[in-house]
Amino acid sequence: MLKIRNYINGELIAPISGNYLDNINPSIGKVYSLIPDSDENDVQLATQAALAAFPTWSKTPKEKRSRILQKIAFLIEDNLDKLAEAESIDNGKPLKLAKTVDIPRAASNFNFYATAILHFASESHSMEDTAINYTLREPIGVCGCISPWNLPLYLFSWKIAPALAVGNTVVAKPSEITPMTAYLLSEICMEAGLPKGVLNIVHGLGHKVGAAITSHPDIPVISFTGGTVTGKQIISTAGPMFKKLSLELGGKNPNIIFDDCNFEDALRTTVHSSFANQGQICLCGSRIFVQKGIYEKFKKAFVDKVKDLKIGNPFDENTNIGAVVSQPHLEKVLSYVELAKQEGGKILCGGNRVLLDGKFSEGYYLQPTIIEGLAFNCRTNQEEIFGPVVTIMPFETEEEVLMMANSTKYGLASSVWTENLKKAHRVAANLHVGIVWVNTWLLRDLRTPFGGVKQSGVGREGGFEALHFFTEPKNICIKL
Ligand code: TXE
């Protein structure tokens, strides 16, 4: 049984405690590897390595940092098949998705920030003949990066790439549910010649390793992606320590379809935005609002398409829906289907666990599920389910759908489908979210600000937003 190891001070080492946790392959429901059950002692070791590496790495010319990070990007691309298979086994997602989205995006994340730092500049402010001000944007020190299980390497690299690019060192913790690609990245970093201690990866449980990172006095910056509940725990620890925080949390995203939409585009994309990655993307459109004029037509066409989705072995290239990530998550999602029924919902399709045969018989498979007839403000429509479950509701007017769309405690993303340009601008301006897609979904330019409002998070990732987050501005005023 493979025992993965922590990556500390440039070496792959066992947890100090010698204890390990089971790592389960969700598509077959069986343990297939072991991960370190690390604790605060391992985090201390990693932090000491990161502190020791900071002076040299932060002073390394950006061109050299850039070359090393581009080498990492190249090696990720060069190991695409191996990394994609590891991601699919660890998460349950279709191999096709890991190959076309997760792993290529991880390479892009490294490449994007390796090149961004070559163009990252700061400002100066002239006070005519009195003085000149110039702003330095300097690396901060040891950054803590904590990431979730839904897009493991994609989101892990989305944090550590900018942090390293600007000259910080990092203590990182991937989710204990999907640690494998972060472990493989350790080997890639060693091959790329990343100096020891610059990146340290400590595997283990959130309340032990994650909490130790969040509370460590020598880690002044925390970048976190995960659930809103955990985000609150992190704020309560890191806030009083005056740490710099970036929190990418949950979502309950509205997908608003007006009757003047391009019907086929809206239909095809809605199937994808509802169930990609088994609905385990915080950007998925989980509340579908369809204008009355096309509601019945759209509903029927949507249900028919979803019933045709193939659920099964993630390694089968025809599979559309793989396994959800864990037994507890399977139970959580099914509990929301039961809640929807209690709240008066009608299951139009799905709603059940799927028992496959052979070696997949104990995998965590769920039918893609569509529910109608619920009130916009019931719990099913207000709480994040984070699985292959969507609700569909009719609306009449723009004002009505904006009220319903904006009614949750979340505010991450939204899609809007209309061929009317004025309406598109007007509706987008009135949605309380951080990201609006018009006539598309998940079309991403890495230069754009990424993140949400309300309880979807604090701060933004992406582009120079991330470089600003991982640096401290200092203004220096020189009298002339
Ligand atoms: O989160 P958890 P999950 C959200 C998504 C869903 C959730 C799924 O909407 O709600 O994240 O990810 C570590 N102190 N997003 O269930 O449990 C834990 O070990 C410090 C939004 O994994 O919060 C894991 O590594 N760390 C996002 C990480 O936190 C702790 C995109 C996340 O775990 C901890 C992806 C603690 N006390 C998912 N407890 C977006 N907006 O982009 C746990 N952890």
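In this text the structure is predicted, and so the values were computed from the model without any measurement. Each ligand, and each atom within it, is numbered from 1 in the order the structure gives. Numbers for residues simply follow the sequence, beginning at 1. In what follows, every heavy atom counts, from backbone to side chain, and hydrogens, waters and symmetry copies are set aside.
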Short version for Gln280: what comes under 4.0 Å of ligand 1, heavy atoms counted, is neither
Ligand 1-proximal atoms of Leu249, by part, heavy-atom distance under 4.0 Å: backbone
Check step by step if ring pair (Phe, Tyr, Trp, His ring centres under 6.0 Å) holds for Trp158 and Phe110. CA-CA 8 Å; Trp158 186 229; Phe110 273 100; over 10 Å; no
Which of these, Ala182, Gly251, Gly226, has its nearest heavy atom closest to atom 4 (C) of ligand 1? Gly226
Verify whether one side chain among Thr270 and Asn255 offers a donor that lies under 3.5 Å from an acceptor in the other. yes
Find all atoms of ligand 1 within a distance of less than 4.0 Å from any non-hydrogen atom belonging to Pro174, and give their numbers and elements. 25 (O)
Is any heavy atom of the protein nearer than 4.0 Å to atom 33 (O) of ligand 1? no
Please state whether Ala211 comes within less than 4.0 angstrom of ligand 1, counting heavy atoms only. yes
Determine whether any heavy atom of Leu155 lies closer than 4.0 Å to an atom of ligand 1. yes
Is the cationic atom of Lys332 (NZ for Lys, CZ for Arg) positioned less than 6.0 Å from the six-membered ring centroid of Phe386 and within 45 degrees of its normal? no
List the steps, then state whether salt bridge (charged side-chain N to carboxylate O under 4.0 Å, His left out) holds for Lys159 with Glu461. CA-CA 8 Å; Lys159 294 176 181 307; Glu461 296 181 305; 2.8 Å; yes
Do any N or O atoms from the side chain of Ser273 and from the backbone of Cys284 form a donor-acceptor pair under 3.5 angstrom? no
